[in-house]
Amino acid sequence: MNRLGRAGQQTLAVVAILVALGAAYLWRQISGPSDGAWIIPSREAWTVDGVAVSPLVSRPGGLREGDVVIAVDGLPLEAVAGTLWQPWRVRTRWTSGQGVIYTVQRDGLRTTVPVTLGAYPLRAVLTRVWGTILFAGASLAIAAFVFVRRPDLLAARVLFLWAAAITSATTWSFGLGVRDLVEVTGFWLYKLTTFGAYMVFAVAGVHFALIFPQPKLALSRARWIIPALYAAPFAVTTLYLAATWPGAGSALLVIAECMRIESVLATAYLALLVGAIIWSYRVTRDPVGRQQVRWVVLGGVIAGVGGLLLWQLPSVLVGRPLIDTNAIGLLTLLFPIALAVAILQYRLFDIDVITNRALVYGALTASIVGIYVAIVGYIGALFEVRGNPVLSLAAAAAVALLAQPLRERLQRAVNRWMYGERDDPYTVLSALSRRLEAVVAPEAVLPAIVETVAQTLKLPYAAVALRRGASMDTVAACGLPRGTPVVMPLAYQGLSIGEVVLSPRGAGEPFAPAEQRLLEDIAKQIGAAAHAVLLTEDLQRSRERLVTTREEERRRLRRDLHDGLGPALAGITLKLDAARNLLAQHPQQADAMLADLKVQMQAAIADIRRLVYELRPPALDELGLIPALREQIGSLQANGLRISMAAPDRLPPLPAAIEVAAYRITQEALTNVVRHARARECRVSISIDDAVQVEVVDDGVGVSKDNRAGVGLTSMRERAAELGGTYRIEPAAGGGTRIVARLPLEKS
């Protein structure tokens with residue numbers, strides 16, 4: 001009991017009271033005498049003089065369908081009903097075998113019908129109402145199972161209360177009899193269950209919808225809503241009866257009015273239940289919660305709408321439902337079935353571990369018993385050797401041989417239903433492969449992977465995080481994390497690039513060793529895909545840098561032309577006009593002005609050459625790559641630095657981009673040597689095969705790790721990457737620095 005907690009104990013007490021009331025009425029009916037008929041379950045059956053009855057079983061000379069009982073042993077039924085509100089009065093007790101004289105209205109005539117009381121026709125009643133009993137029993141069994149496993153959950157407690165209430169209200173299926181009016185106790189037990197318990201059932205259904213799968217925020221802000229929902233039907237009924245009683249004119253009509261307000265309230269709450277279920281599903285944004293509630297919503301809406309349209313509304317409008325009790329029982333059975341599916345397949349209430357074992361061993365037990373009975377019964381009947389101990393031993397041996405293979409097959413079937421394809425690695429990897437083949441956009445690869453893993457293995461959460469510098473960024477996720485996640489590293493060719501985060505299916509249910517190996521294999525596939533995604537992102541960033549650099553270069557050229565060269569040429573034009581005006585009358589001033597214009601023109605020409613040189617070194621077009629580099633080397637040799645160069649005498653025609661990149665990389669490397677290396681010797685090597693390779697080696701102080709990201713080195717790396725080449729900087733064999741860049745050539 002301590003495990004239940006105070007709330008669980010209170011729920012259990014209320015459930016016990018509800019079930020006890022229903023059991024008391026049922027026991028009273030089946031253990032007492034019966035006239036073989038029940039009062040027709042409709043308010044139209046109650047008139048000012050009596051009640052219409054329907055026989056449960058046909059008895060010669062007994063009551064008939066549609067008889068209206070007016071008096072019992074000469075006492076008007078109106079007078080009998082008038083004493084129902086005085087339960088303390090001493091009553092006549094009926095006994096089995098006793099004769100009772102009914103006065104009935106039959107075919108417009110008043111007649112007497114002698115009835116001998118007998119046993120309650122339980123079999124006939126069960127045949128008539130088995131659908132509603134099946135619904136109540138299934139609901140109570142599922143709700144009790146959930147409550148026992150999770151008494152701490154409010155939804156589990158409300159569900160248990162709901163199921164107990166409808167189980168208690170199932171007394172409606174057994175009906176009210178004339179005896180219950182005479183002896184009073186049966187009448188009040190009937191009303192406590194068919195009205196009191198049924199109203200608890202209706203309100204608890206709405207309560208469950210409002211708090212499932214999690215209590216809604218609005219309920220925490222307005223705590224009065226739930227108590228008001230439970231109190232409203234009883235308060236409304238009391239007020240309604242107080243208003244209608246004085247004008248009823250008959251105690252029997254008061255009972256009919258009770259049935260009217262009960263039907264109206266039940267209809268209102270059933271409509272409210274359907275609305276609450278739909279609203280709860282719409283406001284649930286959690287993907288896991290929506291998955292859990294989907295089946296419950298489906299079953300609840302179908303059962304609720306069907307019951308509303310086929311049972312409650314017709315009862316209010318025309319006094320009778322459109323379908324019988326078995327049909328409504330089968331219709332409403334969809335809700336506990338949907339609840340069971342949600343528990344088994346979608347881990348509702350986190351009790352799937354127990355459910356898994358119960359399913360496996362329950363099915364195994366049933367199968368073993370079935371096999372044993374089939375062997376003994378069939379062979380015994382075939383060879384007429386029933387009761388033979390040898391046959392029993394042979395059947396037991398066959399069951400023993402089949403037990404383990406059968407258990408394994410059942411375990412695999414249940415695991416596949418509840419846990420997906422974790423026992424079939426090929427299926428998981430095949431599904432992952434098919435999903436990747438269907439993905440076109442690179443950015444959709446990782447989301448498709450985590451969704452496939454989560455669905456095929458039925459995990460509540462799966463995510464992929466990639467390393468961005470010193471941090472991990474989640475780039476794809478499916479579901480919501482639950483419990484303690486399992487983190488698996490992602491690597492590609494020994495390089496750590498991220499991690500996979502997976503949530504176990506339930507608390508206390510870690511991944512099995514075989515499942516762990518499967519996840520490791522999946523992680524390898526994800527690692528390769530993640531590496532491809534990172535390469536795609538790097539390529540995209542490189543393209544963005546190229547576009548940015550190009551636009552920056554264009555903006556710089558525009559600024560230089562517009563703000564520098566343009567105004568200078570405009571000024572020269574104006575001064576030329578002024579010189580022409582002075583030339584005839586003031587030749588000396590004109591000569592001085594022309595001399596000044598020459599200087600300005602030379603400066604403008606220098607600016608033009610500078611701009612052209614920055615676009616493409618003129619030496620490449622005038623001399624070629626190797627002579628241009630030799631000229632550059634000659635201009636840099638100073639302060640004791642000797643630079644040598646090894647290169648072919650002639651190079652084949654090279655693409656312009658390759659020439660510029662090789663020239664700029666060599667130029668930048670030599671500039672770094674002159675400025676920073678403090679080297680005495682430097683060697684430049686140019687070679688060509690399927691790529692142009694540039695190598696610059698010096699014997700200086702080397703480059704520290706802190707300086708490997710400088711502007712010059714970054715520029716060399718980016719120039720090589722732009723052409724699909726490679727670049728590396730490393731310590732030279734004899735000390736100093738070695739820079740190697742390879743620029744691939746297109747194959748003709």
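In what follows, residues are counted from 1 in the order of the sequence shown. Fair warning: this is a prediction, and the values are worked out from it, not measured in the lab.
Taken from OG1 in T666 to CG in L629, the straight-line distance is 5.0 Å, to the nearest 0.5 Å. Expressed to the nearest 0.5 Å, how far CG of L651 lies from CD1 of I626 amounts to 4.5 Å. How far CG of D698 is from CZ of R738: 12.0 Å, rounded to the nearest 0.5 Å. Distance check, rounded to the nearest 0.5 Å: CD1 of I739 to CG of N672 gives 6.5 Å. Taking CD of Q693 as the start and OG1 of T726 as the end, the distance is 8.0 Å to the nearest 0.5 Å. Note that the CE atom of M645 and the CD1 atom of I686 stand 5.0 Å from one another [nearest 0.5 Å].
Here the closest non-hydrogen pair linking G724 and P744 is O-CG, 3.6 Å. Closest non-hydrogen pair, A578 versus M593, comes out as CB-SD, 3.8 Å. When all heavy atoms of L743 and A720 are compared, the closest pair comes out as CD2-CA, 3.9 Å. The shortest non-hydrogen separation linking L620 to A628 is CD2-CB, 4.2 Å. Across all non-hydrogen atoms, the minimal contact from R678 to V701 is NH2-CG1, 3.4 Å. Taking every heavy atom of both residues into account, L641 and E681 meet most closely at CD1-N, 4.1 Å.
Within 6.0 Å of CD in Q585 there are 12 or fewer heavy atoms belonging to other residues, nucleotides or ligands.
Checking each of D690, V694, V692 against R742 for a side-chain contact (heavy atoms from CB on, under 4.5 Å) leaves exactly one that passes, namely D690. The side-chain contact (heavy atoms from CB on, under 4.5 Å) test with C682 is passed by exactly one of T737, L636, L670: L670.
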| Hey, mind stepping through S715 and R719 against side-chain contact (heavy atoms from CB on, under 4.5 Å) and telling me if it holds? | CA-CA 6 Å; S715 173; R719 286 185 182 277; 3.7 Å; yes
| field | Check against side-chain contact (heavy atoms from CB on, under 4.5 Å), R642 and S644 | value | CA-CA 7 Å; R642 290 191 306 160; S644 61; over 6 Å; no
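Considering only heavy atoms from C-beta on, I688 comes within 4.5 Å of L745 through its side chain.
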